[in-house]
Protein chains: 2
Amino acid sequence: MVTTVVIQLKQISTRFSIAVHILSLVAVIPHECTGDFIAGSVNTNPVIIRRIMGMLKKAGLVEVRPGVGGASLRKRPEDITLLDVYRAVNVTDENQLFRFHEDPNVQCPVGRNIELVLRSELMEAQAAMEQRLAQTTLSQLTAKFQ
Amino acid sequence: MVTTVVIQLKQISTRFSIAVHILSLVAVIPHECTGDFIAGSVNTNPVIIRRIMGMLKKAGLVEVRPGVGGASLRKRPEDITLLDVYRAVNVTDENQLFRFHEDPNVQCPVGRNIELVLRSELMEAQAAMEQRLAQTTLSQLTAKFQ
DNA sequence: GATTGTTATAACTATAATGGTTACAACGGT
DNA sequence: ACCGTTGTAACCATTATAGTTATAACAATC
């Protein structure tokens with residue numbers, strides 16, 4: 001018998017897509033956007049929404065009304081980019097998308113040089129992705145809903 | 001007392017940087033590149049190296065000599081790009097970097113549309129990163145070692 | 001043919017992020 | 001005071017990662 005084990009890389013968390021979903025809701029339906037209402041649209045637990053809302057709040061993207069309920073944008077939808085949202089919810093070490101194995105052998109000419117040389121290339125790749133994210137605004141997204 | 005919990009996004013695995021390290025070694029020191037030797041340069045366990053070598057082999061990038069030991073490139077270093085290596089070791093679901101929360105509420109105009117609209121934007125961002133990775137070859141990297 | 005060093009792989013571990021859940025305190029109108 | 005909401009803490013199951021030990025298969029050499 002042959003068994004195949006598929007190794008899956010951890011992808012970028014659904015937090016990001018949920019955060020965009022949240023902001024879209026607040027933009028399109030500015031009133032009545034309570035955590036429970038949003039959770040109903042996303043189809044998840046309200047606590048998940050509140051957690052992500054907390055990140056968006058900390059990033060200055062939304063304002064939440066405790067007690068009363070509901071949220072509103074702190075920027076115009078045309079001034080919120082996907083990169084803003086990505087940065088708000090994807091808290092990675094030093095904002096690095098790629099990881100490096102630590103402590104390569106400095107006695108080896110390759111081990112000594114690889115990280116510095118590779119790091120600059122990967123920074124470029126990450127920057128390319130982020131620049132593309134920065135080109136899309138929340139208003140561009142919501143304009144595509146009918 | 002205030003405690004702060006830093007949530008870290010899973011970044012792209014060190015497999016990728018280790019794989020580039022491995023290929024660089026095979027390119028620069030074509031002989032004597034056994035798993036143990038490579039593991040000594042990367043500074044990790046030989047099994048980690050063999051596992052990644054298996055992925056590189058499956059992707060047609062290297063040829064490994066069982067029994068005898070050692071490996072050699074199956075393409076010229078100028079024909080191996082970082083994207084080739086990335087694809088070889090980062091086996092994600094449908095090659096998607098970004099994840100989506102499943103089953104949004106189709107009763108909601110936002111929940112109904114968000115995925116389709118957002119997905120095309122994120123595909124563009126991922127493509128931008130991959131295109132940048134495709135611009136760097138193994139030979140360009142090794143040329144920067146002294 | 002036995003020895004030796006290597007590759008291939010299974011099985012296991014510890015760690016950590018994810019996504020979800022329950023529970024409860026704090027808040028702010030009515 | 002009540003009620004619905006927000007803000008968190010605590011906990012859980014799942015999963016990928018990175019590493020380890022062990023063992024079988026392999027190929028050259030003695």
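Since the structure is predicted, the reported quantities are computational estimates derived from the model, not experimental observations. So you know, we letter chains A, B, ... as the sequences are listed, proteins then strands, and number each from 1.
- When the C1' atom of C:dG20 is taken as reference, atom CZ of A:Arg51 falls 7 Å away, rounded to whole Å.
- By the 4.5 Å heavy-atom criterion applied to side chains, B:Gln126 and B:Leu122 are not counted as neighbours.
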Q | Base-contact (B) and sugar-phosphate-only (S) positions in nucleotides 22-30 of chain C, heavy-atom cut-off under 4.0 Å, - elsewhere | A | BB---BS--

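- Here the P atom of nucleotide C:dG20 and the CD1 atom of A:Ile52 are 9 Å apart, to the nearest Å.
- Side chains of B:Val85 and B:Leu138 form no contact here, defined as non-hydrogen atoms less than 4.5 Å apart.
- Residues B:Leu73 and B:Val28 share a single hydrophobic cluster, defined by chaining ILVMFWY side chains whose heavy atoms lie under 4.5 Å apart.
- Here the C1' atom of nucleotide D:dT6 and the CD1 atom of A:Ile49 are 13 Å apart, to the nearest Å.
- Checking C:dA8, C:dG19, D:dA18 against the side-chain heavy atoms of B:Val64 singles out C:dA8 as nearest.
- Annotation: side chain of B:Lys144 is not in contact with side chain of A:Asn113 (no heavy-atom distance under 4.5 Å).
- Closest to the side chain of A:His101, out of C:dG20, D:dG7, D:dG19, is D:dG19.
- The ring-ring contact (aromatic ring centres under 6.0 Å, His included) analysis of residues 92-131 of chain B, with sequence neighbours excluded, yields the pairs A:Phe16-B:Phe98.
- Here D:dA27 presents its P atom at 13 Å from CD of B:Glu63, a figure rounded to the nearest Å.
- Rounded to an integer number of Å, the gap from CD1 of B:Ile48 to C1' of C:dA11 is 14 Å.
- Between D:dA18 and B:Thr44, no contact under 4.0 Å exists linking OP1 or OP2 to a side-chain N or O.
- Taking side-chain N and O atoms only, A:Lys57 has no distance below 4.0 Å to OP1 or OP2 of D:dT6.
- Here the P atom of nucleotide C:dT18 and the CD1 atom of A:Ile18 are 12 Å apart, to the nearest Å.
- Taking 4.5 Å as the limit, every side-chain heavy atom of A:Tyr86 sits out of range of all side-chain heavy atoms of A:Val20.
- Residues from residues 22-34 of chain B lying near DNA chain C, meaning a heavy-atom separation below 4.0 Å, are B:Thr34 in numerical order.
- In terms of phosphate contacts, A:Ser13 brings no side-chain nitrogen or oxygen within less than 4.0 Å of OP1 or OP2 of C:dA17.
- Residue side chain B:Arg99 does not reach the base of C:dG19 through any donor-acceptor N/O pair under 3.5 Å, judged by distance alone.
- Spacing between atom CG of A:Asp36 and atom C1' of D:dT6 amounts to 10 Å, rounded to whole angstrom units.
- Across all strands, A:Gly54 comes closer than 4.0 Å to no nucleic acid atom at all (heavy-atom distances).
- When side chains are defined from C-beta on, B:Leu118 counts as touching A:Ser17, because their heavy atoms get closer than 4.5 Å.
- Counting heavy atoms from C-beta outward, A:Leu133 and A:Thr81 have side chains that stay 4.5 Å or more apart.
- Within the 4.5 Å cutoff, side-chain heavy atoms of A:Leu97 are placed close to those of A:Ile12.
- The shortest distance between side-chain heavy atoms of B:Glu130 and B:Arg87 falls below 4.5 Å.
- Whole-Å rounding puts the B:Leu56 CG to C:dT7 C1' distance at 15 Å.
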